[in-house]
Amino acid sequence: MGLFYAPAFFAHLLGRCLQQLTYTGKVLGVARLGVTVIATFVVCWSPWLTSLDSALQVLHRIFPVGRGLFEDYLANFWCVTSVFIKWKSLASNAALMPVCAGLTVLAALPSMVQQVLQPSPKGLLLGMANSAFAFFMLSYQVHEKSILLPLLPITLLAASEPDCAIWGPAIASFSMYPLLALVPPPQRLPWLHDRLFVSYSFVFIAGAMLYLNWRQWNQQGSSSASKAKTK
């Protein structure tokens, strides 16, 4: 699940490196960042790099691709639109995975570009929320509870984004209502009961994603603050 935040951190750290005043400083900053990322990866994965089978088992746990595009009912693009477009029947899992990956990157790209150009602490939090939204909305095999991941940075932004901090948890909880199963669905068209919950939530989640991307690109003083810190 930490992968949901990875694009935001990558873009922010790369932006900080590129804010150096000299070309040499930029190159050294990117080089240090690359070495740190590779070293961290090797340390974290070292217990499972002893054999190919162990590494593949970890990857299988992290990316459960065999489960299909989505399970049950969740308020993301693939599940909501499957009412009209039967994605699982239209294409195989092997074909859907790269499509999901590409769309997820495209959805996170505007937020990443903003942080590469104008890295800032508030921009990082907004980028984390937007990156997590992109993964939840468009990536392959998302769990319903993954909607909780954008709430962490949104909660930290409560002082500047109080409406999102107030309504975000409510909408997220509402979207996960099918998991509770406290109230049995009606006997007639039982699938419609859960579909209405996730479709209604999807509208608000998509709106929050668009709004926070707009807010990230329209921060006040983010560029000047970043340049001041670099100096």
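Both backbone and side-chain heavy atoms feed into the values below; hydrogens, waters and symmetry mates do not.
A side chain to side chain donor-acceptor pair (under 3.5 Å) check over residues 5-15, counting only residues at least two apart or in different chains, returns the pairs H12-Q115. The ring pair (Phe, Tyr, Trp, His ring centres under 6.0 Å) pairs that include a residue from residues 121-174 are F4-F135, F174-F197, F174-Y200, where partners are two or more places apart or lie in different chains. Applying the ring pair (Phe, Tyr, Trp, His ring centres under 6.0 Å) test to every pair with at least one member in residues 42-69, sequence neighbours left out, gives these pairs: F41-W45.
Taking W214 as the reference, Y211, N218 meet the side-chain contact (heavy atoms from CB on, under 4.5 Å) condition, with sequence neighbours excluded. Shown here are the side-chain contact (heavy atoms from CB on, under 4.5 Å) partners of S46, two or more places apart in sequence or in another chain: there are none. Listed by chain and number, the residues in a side chain to side chain donor-acceptor pair (under 3.5 Å) with S54 are S51 (sequence neighbours excluded). S92 meets the side-chain contact (heavy atoms from CB on, under 4.5 Å) test with A94, A95; sequence neighbours excluded. Residues satisfying the side chain to side chain donor-acceptor pair (under 3.5 Å) criterion with S201, sequence neighbours excluded, are absent altogether. Residues passing the side chain to side chain donor-acceptor pair (under 3.5 Å) test with W87, sequence neighbours excluded: T81. With sequence neighbours excluded, no residue forms a side chain to side chain donor-acceptor pair (under 3.5 Å) with Q141.
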List the atom pairs, donor and acceptor, that lie under 3.5 Å between side-chain atoms in residues 96-110 and the rest of the protein, sequence neighbours left out.
| from | atom 1 | to | atom 2 | distance (Å) |
| --- | --- | --- | --- | --- |
| T104 | OG1 | C100 | O | 2.7 |
| T104 | OG1 | S139 | N | 3.3 |

Taking only distance into account, with no hydrogens and no angle test, what donor-acceptor pairs under 3.5 Å do side-chain atoms of residues 24-32 form with protein atoms, sequence neighbours excluded?
| from | atom 1 | to | atom 2 | distance (Å) |
| --- | --- | --- | --- | --- |
| K26 | NZ | L18 | O | 2.6 |
| K26 | NZ | Q20 | O | 2.8 |

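A donor-acceptor contact shorter than 3.5 Å links the side chain of K88 to the backbone of F70. A donor-acceptor pair is defined here as one N or O able to donate and one able to accept, closer than 3.5 Å; such a pair exists between the side chain of T155 and the backbone of L151. Proximity of a side-chain donor or acceptor of S175 to a complementary backbone N or O of A172 within less than 3.5 Å is detected. Not one N or O on the side chain of Q19 forms a donor-acceptor pair closer than 3.5 Å with the backbone of P119. Q216 places no side-chain N or O within 3.5 Å of a backbone atom of M112 that could act as its donor or acceptor partner.
By the rule that hydrophobic residues join a cluster once side-chain heavy atoms approach within less than 4.5 Å of another member, V43 and V37 end up as members of separate clusters. Cluster annotation: L14 and F9 are assigned to distinct hydrophobic clusters (Ile/Leu/Val/Met/Phe/Trp/Tyr, side-chain heavy-atom contacts under 4.5 Å, transitive). Y23 and L117 fall into different hydrophobic clusters, defined by Ile, Leu, Val, Met, Phe, Trp and Tyr side-chain heavy atoms under 4.5 Å apart, directly or through other members. In the hydrophobic clustering of ILVMFWY residues, with side-chain heavy atoms under 4.5 Å counting as a link, I62 and L49 come out together. Side-chain heavy atoms closer than 4.5 Å link hydrophobic residues (I, L, V, M, F, W, Y) into clusters, and following such links, even through other members, never connects F10 to L149.
The closest side-chain heavy-atom distance from Y177 to L196 is not below 4.5 Å. Taking 4.5 Å as the limit, some side-chain heavy atom of L212 sits within range of a side-chain heavy atom of C164. Residues L125 and P121 are not in side-chain contact: their nearest non-hydrogen atoms beyond the backbone lie 4.5 Å or more apart. You'll find the side chain of Q118 stays beyond 4.5 Å of the side chain of W217, heavy atoms only.
The minimum heavy-atom distance linking I154 with A129 is given by the pair CG1-CB, 4.0 Å. For M209 against A134, the heavy-atom pair with the smallest separation is CE-CA, 3.8 Å. K86 approaches V83 most closely through the heavy-atom pair NZ-O, 3.6 Å. Scanning all heavy atoms of the two residues, the minimum distance from V198 to V80 falls at O-CG2, 4.0 Å. Across all their heavy atoms, S82 and C79 have their closest contact at OG-O, 2.5 Å. Between L69 and N93 the shortest heavy-atom distance is N-OD1, 4.3 Å.
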- Dump the intermediate steps for side chain to side chain contact (heavy atoms under 4.5 Å, CB included) on L90 and I85, then the final yes or no. CA-CA 8 Å; L90 189 64; I85 305 174; 4.1 Å; yes
- Task: List the steps and the verdict of side chain to side chain contact (heavy atoms under 4.5 Å, CB included) for V58 and R61.
- Result: CA-CA 5 Å; V58 175; R61 293 289 183 178; 5.7 Å; no
- Between L157 and R215, is a side chain to side chain contact (heavy atoms under 4.5 Å, CB included) present by the stated rule, with each step listed? CA-CA 12 Å; L157 289 165; R215 287 289 289 153; over 6 Å; no
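R16 and S120 share no side-chain donor-acceptor pair at under 3.5 Å.
Annotation: the span from L52 atom CG to L59 atom CG amounts to 9.0 Å, rounded to 0.5 Å. Between N213 atom CG and Q114 atom CD the span is 9.5 Å, to the nearest 0.5 Å.
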